[in-house]
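Read through the structure below, which is laid out as structure tokens, and then see the notes.
Naming convention: chains lettered A, B, ... in sequence-line order (proteins, then strands); numbering from 1 in each chain.
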Number of protein chains: 2
Amino acid sequence: MTVDHLNPTPLWEQLAGILRERIRAGELKPRQVLPSESHLQQEHGVARGTVRRAVKVLGEQGWVVTIQGRGTFVAERENWPTG
Amino acid sequence: MTVDHLNPTPLWEQLAGILRERIRAGELKPRQVLPSESHLQQEHGVARGTVRRAVKVLGEQGWVVTIQGRGTFVAERENWPTG
DNA sequence: CCCGATTTGTTCGTATGTATG
DNA sequence: CCATACATACGAACAAATCGG
């Protein structure tokens with residue numbers, strides 16, 4: 001599953017949705033580190049700014065927590081939206 | 001002091017005028033860094049392109065100097081117009 | 001303590017598409 | 001047709017924090 005450049009939905013929004021589903025599905029578990037911005041960037045063929053915007057949204061919604069110099073981690077389930 | 005969306009004068013022109021006055025008044029001093037494009041964008045509720053156009057004009061007139069990855073800085077007084 | 005690699009944080013540079021008056 | 005203005009998306013450079021050797 002990856003981003004579709006032809007889909008009119010913004011890439012950052014598509015990417016946020018993809019990551020959100022990976023978390024919800026348990027593919028990415030609480031406290032686990034997410035792929036780095038650099039990795040996501042290459043995996044989806046998008047710019048770093050696009051990755052950062054997607055991750056930023058997930059952070060604001062409580063799905064992940066980002067720490068400078070460390071990485072971005074899946075938040076505890078208690079902090080997830082609607083759950 | 002900020003931009004007025006109802007004023008028929010273009011936003012970029014209004015913003016350039018505001019920043020120019022801040023410099024002239026000494027609120028922004030030579031060699032001092034200006035608020036970032038992102039900051040000005042939020043502060044005035046305008047798009048980044050609008051901010052960039054305003055700053056671009058100030059640069060062409062000698063009020064400021066912009067450096068990629070660093071920021072935009074107030075120019076030395078010797079470079080100011082009419083002064 | 002220092003150095004280098006990795007990772008996130010911030011900033012400017014550029015291009016494209018869309019909408020409005 | 002043109003200027004204004006917004007949003008998206010890419011690239012580039014630099015800064016700060018972390019970690020391992």
> Where along nucleotides 11-21 of chain D does protein come under 4.0 Å, by heavy atom, of base (B) or sugar-phosphate alone (S), with - for untouched nucleotides?
Replying inline: BBBS-BBSS--
Just the rounded figure in Å: distance from [atom2] of [N] to [atom1] of [X].
| X | N | atom1 | atom2 | value |
| --- | --- | --- | --- | --- |
| A/L40 | C/dT8 | CG | C1' | 13 Å |
| B/E13 | D/dT4 | CD | P | 8 Å |
| B/N7 | D/dA5 | CG | C1' | 15 Å |
| B/E37 | D/dT8 | CD | P | 17 Å |
| A/H5 | C/dT16 | NE2 | P | 16 Å |
| B/R53 | D/dA3 | CZ | P | 9 Å |
| A/L15 | D/dT8 | CG | C1' | 14 Å |
| A/W12 | D/dC10 | CH2 | P | 13 Å |

> How would you label the contact of A/G49 with the nucleic acid (heavy atoms, under 4.0 Å): base, sugar-phosphate, or nothing?
Replying inline: nothing
> What nucleic acid atoms does B/R52 come within less than 4.0 Å of, heavy atoms only: base, sugar-phosphate, or nothing?
Replying inline: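 Touches a base.
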> Between A/R20 and A/W63, does a side-chain contact (heavy atoms from CB on, under 4.5 Å) hold up when you go through it step by step?
Replying inline: CA-CA 7 Å; A/R20 194 185 307 112; A/W63 292 102; 3.6 Å; yes
> Which pair of non-hydrogen atoms, one from B/A75 and one from B/G62, has the smallest distance, and what is that distance?
Replying inline: CB-O, 3.3 Å
> Of all heavy-atom pairs between A/P30 and A/E76, which one has the smallest distance, and what is that distance?
Replying inline: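 Heavy atoms of A/P30 and A/E76 come nearest at CB-OE1, 4.1 Å.
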> How many angstroms lie between CG in B/L40 and CZ in B/R48, if you round to the nearest 0.5 Å?
Replying inline: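 It is 11.5 Å, given to the nearest 0.5 Å.
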>> Is it the case that the side chain of A/Q14 and the backbone of A/D4 share a donor-acceptor pair, with hydrogens and angles ignored and the cut-off at 3.5 Å?
In response: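 Present.
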> Which sits closer to the 5' end of DNA chain D, B/G45 or A/P10, going by the nucleotide each is nearest to?
Replying inline: B/G45
>> On DNA chain D, does the nearest nucleotide to A/T9 precede the nearest nucleotide to B/L11 from the 5' side, or the other way round? Give the residue.
In response: B/L11
> Is B/T50 near enough to D/dT4 that one of its side-chain N or O atoms lies under 4.0 angstrom from OP1 or OP2?
Replying inline: no
> OP1 or OP2 of C/dT7 less than 4.0 angstrom from a side-chain nitrogen or oxygen of A/S38, does that happen here?
Replying inline: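 No.
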>> Go through it in stages, so that I can follow the logic: the residues are A/T72 and A/V33, the test is side-chain contact (heavy atoms from CB on, under 4.5 Å), and I'd like the CA-CA distance, side-chain angles, deciding distance and then a yes or no.
In response: CA-CA 6 Å; A/T72 298; A/V33 68; 6.0 Å; no
> Does the pair B/E43/B/R22 count as a salt bridge with the N-to-O cut at 4.0 Å?
Replying inline: yes
